[in-house]
Amino acid sequence: MKRFGFSQVMLWIGLAFIYLPMLILVIYSFNASRLVTVWGGWSLKWYLGLLDNTQLMNAVMRSLEIACYTAVSAVFLGTLAAFVLTRIPRFRGRTLFGGMVTAPLVMPEVITGLSLLLLFVAMAQLIGWPQERGIVTIWIAHTTFCSAYVAIVVSARLRELDLSIEEAAMDLGAKPWKVFLLITIPMIAPSLAAGAMMSFALSLDDLVLASFVSGPGSTTLPMEVFSAVRLGVKPEINAVASLILLTVSLFTFFAWYFSRRAEERRKRAIQEAMETTANESGSTWTRERPATPSAG
């Protein structure tokens with residue numbers, strides 16, 4: 001009889017602690033009762049009711065819009081910062097620049113949100129922009145926060161690259177910007193994708209920064225859910241959370257599936273190339289082998 005070790009038991013306990021609440025949330029999203037804690041049978045009315053909940057759906061669309069903008073801008077700024085930190089070893093203020101890039105990683109979000117709020121208020125008084133806080137100010141705050149994560153991820157990948165490939169391209173006459181676009185970017189594409197997905201998830205999940213820099217008419221989904229939960233969990237919130245879990249799960253599954261197929265194709269191509277090389281080497285050795293003189 002197979003016995004479970006301590007590590008396996010703790011692993012299953014940890015997985016249950018993480019995923020069991022999600023499973024309960026999905027089950028109760030099909031609850032027919034308006035009371036979340038009372039089971040009233042299976043029903044889809046809360047999913048259908050989302051179409052009539054304009055306020056909640058507007059918050060969802062607004063959060064997705066801000067998350068998309070944040071992913072693009074954070075990848076752009078984070079990649080530039082990572083390139084400066086890894087490819088320019090010495091310049092005046094490098095230590096200060098590195099500290100400013102990574103500061104949002106260790107600074108409490110409350111401090112960051114309050115600082116950005118004071119900055120926007122001071123800018124509105126000095127130059128008249130922004131006139132009101134909304135989607136743009138939330139986007140700027142999220143970009144400031146997420147660029148640090150992208151810079152760390154991309155800089156780790158840039159340090160692992162073989163510089164001889166870029167140097168060979170420049171020796172053949174390629175301009176630096178062309179080497180960066182055609183050689184460096186494709187090689188760091190996985191880290192860029194990881195940084196974009198991380199920025200999208202962090203922006204979609206953020207509550208503290210958005211609470212400081214948002215204004216009337218710019219409520220995001222976490223803010224909407226938090227304000228609703230304070231008055232009691234509504235069944236519509238369970239339905240929205242279940243749809244988000246389904247979307248994330250499908251996206252993760254398809255990403256894993258296509259990456260696995262790409263890896264299998266790559267291994268198959270390498271195997272075929274090795275077999276072709278071995279066959280060509282064998283045929284060449286057969287042709288070049290001198291004829292053995294016959295006995296007698």
Side-chain angles (χ1 to χ4, degrees), residues 61-89 91-107 109 112-113 115-117 119-120 123 127 129-130 133-163 165-166 169-170 174-206 208-210 212-214 218 220-222 248 251 255 259:
M61 299 305 297
R62 192 176 299 114
S63 296
L64 292 175
E65 180 183 1
I66 295 174
C68 292
Y69 295 157
T70 301
V72 175
S73 57
V75 167
F76 178 75
L77 295 178
T79 303
L80 294 181
F83 196 84
V84 171
L85 291 174
T86 55
R87 297 302 174 83
I88 305 179
F91 61 91
R92 181 173 298 179
R94 186 182 187 280
T95 304
L96 177 62
F97 179 75
M100 293 177 63
V101 169
T102 57
L105 296 174
V106 296
M107 188 175 298
E109 291 189 34
T112 304
S115 302
L116 290 173
L117 174 61
L119 174 64
F120 291 141
M123 291 177 60
I127 62 176
W129 184 89
R133 294 183 297 275
I135 294 179
V136 176
T137 55
I138 299 175
W139 168 53
I140 295 174
H142 286 181
T143 302
T144 304
F145 178 68
C146 297
S147 297
Y149 290 90
V150 178
I152 296 299
V153 174
V154 176
S155 61
R157 176 58 179 164
L158 285 173
R159 291 189 180 96
E160 296 177 355
L161 294 183
D162 187 4
L163 297 179
I165 301 176
E166 300 178 1
M170 287 188 288
K175 301 294 183 181
W177 63 268
K178 195 171 184 179
V179 173
F180 178 75
L181 293 178
L182 299 181
I183 296 179
T184 307
I185 292 297
M187 289 192 296
I188 64 174
S191 61
L192 296 180
M197 289 187 290
M198 184 182 299
S199 300
F200 185 89
L202 291 173
S203 175
L204 191 64
D205 181 66
D206 178 72
V208 179
L209 290 179
F212 277 97
V213 300
S214 63
S218 60
T220 60
L221 178 61
V248 173
F251 181 82
S259 63

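Ala174 and Val179 make their closest contact through CB-CG2, 3.7 Å (heavy atoms, listed as atom of the first residue, atom of the second, distance). Annotation for Gly113 and Val213: closest pair O-CG1, 4.3 Å, computed over non-hydrogen atoms. Closest approach of Thr102 to Gly98, counting heavy atoms only: OG1-O, 2.9 Å. In this structure, Leu181 and Pro186 approach most closely via the heavy-atom pair O-CD, 3.5 Å. When all heavy atoms of Tyr69 and Trp139 are compared, the pair lying nearest together is O-NE1, 3.3 Å. Residue Thr144 comes nearest to Pro104 through the heavy atom pair O-CG, 3.8 Å, listed as atom of the first residue, atom of the second, then distance.
Side-chain contact between Leu117 and Arg133 is present, with heavy atoms from C-beta onward closer than 4.5 Å. Using a 4.5 Å heavy-atom threshold, the side chains of Phe200 and Thr70 count as separate. You'll find the side chain of Val84 stays beyond 4.5 Å of the side chain of Leu80, heavy atoms only. With contacts defined as side-chain heavy-atom distances shorter than 4.5 Å, the pair Ile183/Met170 does not qualify.
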message: Between Leu202 and Phe145, does the side-chain contact (heavy atoms from CB on, under 4.5 Å) criterion hold? Intermediate values first, please.
response: CA-CA 9 Å; Leu202 291 173; Phe145 178 68; 4.2 Å; yes

- request: Could you walk me through whether Glu166 and Thr184 pass side-chain contact (heavy atoms from CB on, under 4.5 Å), step by step?
  value: CA-CA 8 Å; Glu166 300 178 1; Thr184 307; 2.8 Å; yes

message: Assess the residue pair Ile138 and Ser218 against the criterion (side-chain contact (heavy atoms from CB on, under 4.5 Å)); give the C-alpha distance rounded to whole Å, side-chain angles, the decisive distance to 0.1 Å, and a yes or no.
response: CA-CA 9 Å; Ile138 299 175; Ser218 60; 4.3 Å; yes

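Heavy-atom neighbours of Phe120 CZ from other residues, nucleotides or ligands within 6.0 Å: above the threshold of 12. Atom CE of Met100 has 12 or fewer heavy atoms from other residues, nucleotides or ligands within 6.0 Å.
If you take OG1 on Thr220 and CD1 on Ile135, they are separated by 10.5 Å, rounding to the nearest 0.5 Å. Atom-to-atom distance recorded for Leu116:CG and Glu109:CD is 11.0 Å, nearest 0.5 angstrom. One finds the CD atom of Glu160 at 12.0 Å from the CD1 atom of Ile188 (value rounded to the nearest 0.5 Å). One finds the CZ atom of Phe212 at 13.5 Å from the OG1 atom of Thr137 (value rounded to the nearest 0.5 Å).
Residues meeting the side-chain contact (heavy atoms from CB on, under 4.5 Å) test with Ala82, sequence neighbours left out: Val154, Ser155, Leu158. Listed by chain and residue number, Phe180 satisfy the ring pair (Phe, Tyr, Trp, His ring centres under 6.0 Å) test with Phe83 (two or more places apart in sequence, or in another chain).
Checked for salt-bridge contact, Arg62 and Glu65 miss the test: no charged N lies under 4.0 Å from a carboxylate O.
When atom types are taken as modelled, the side chain of Ser199 and the backbone of Ala74 share no donor-acceptor pair closer than 3.5 angstrom. In this structure, the side chain of Arg159 does not engage the main chain of Thr86 through any donor-acceptor pair within 3.5 Å. With hydrogens and angles disregarded, a donor-acceptor distance shorter than 3.5 Å links the side chain of Arg157 to the backbone of Met187.
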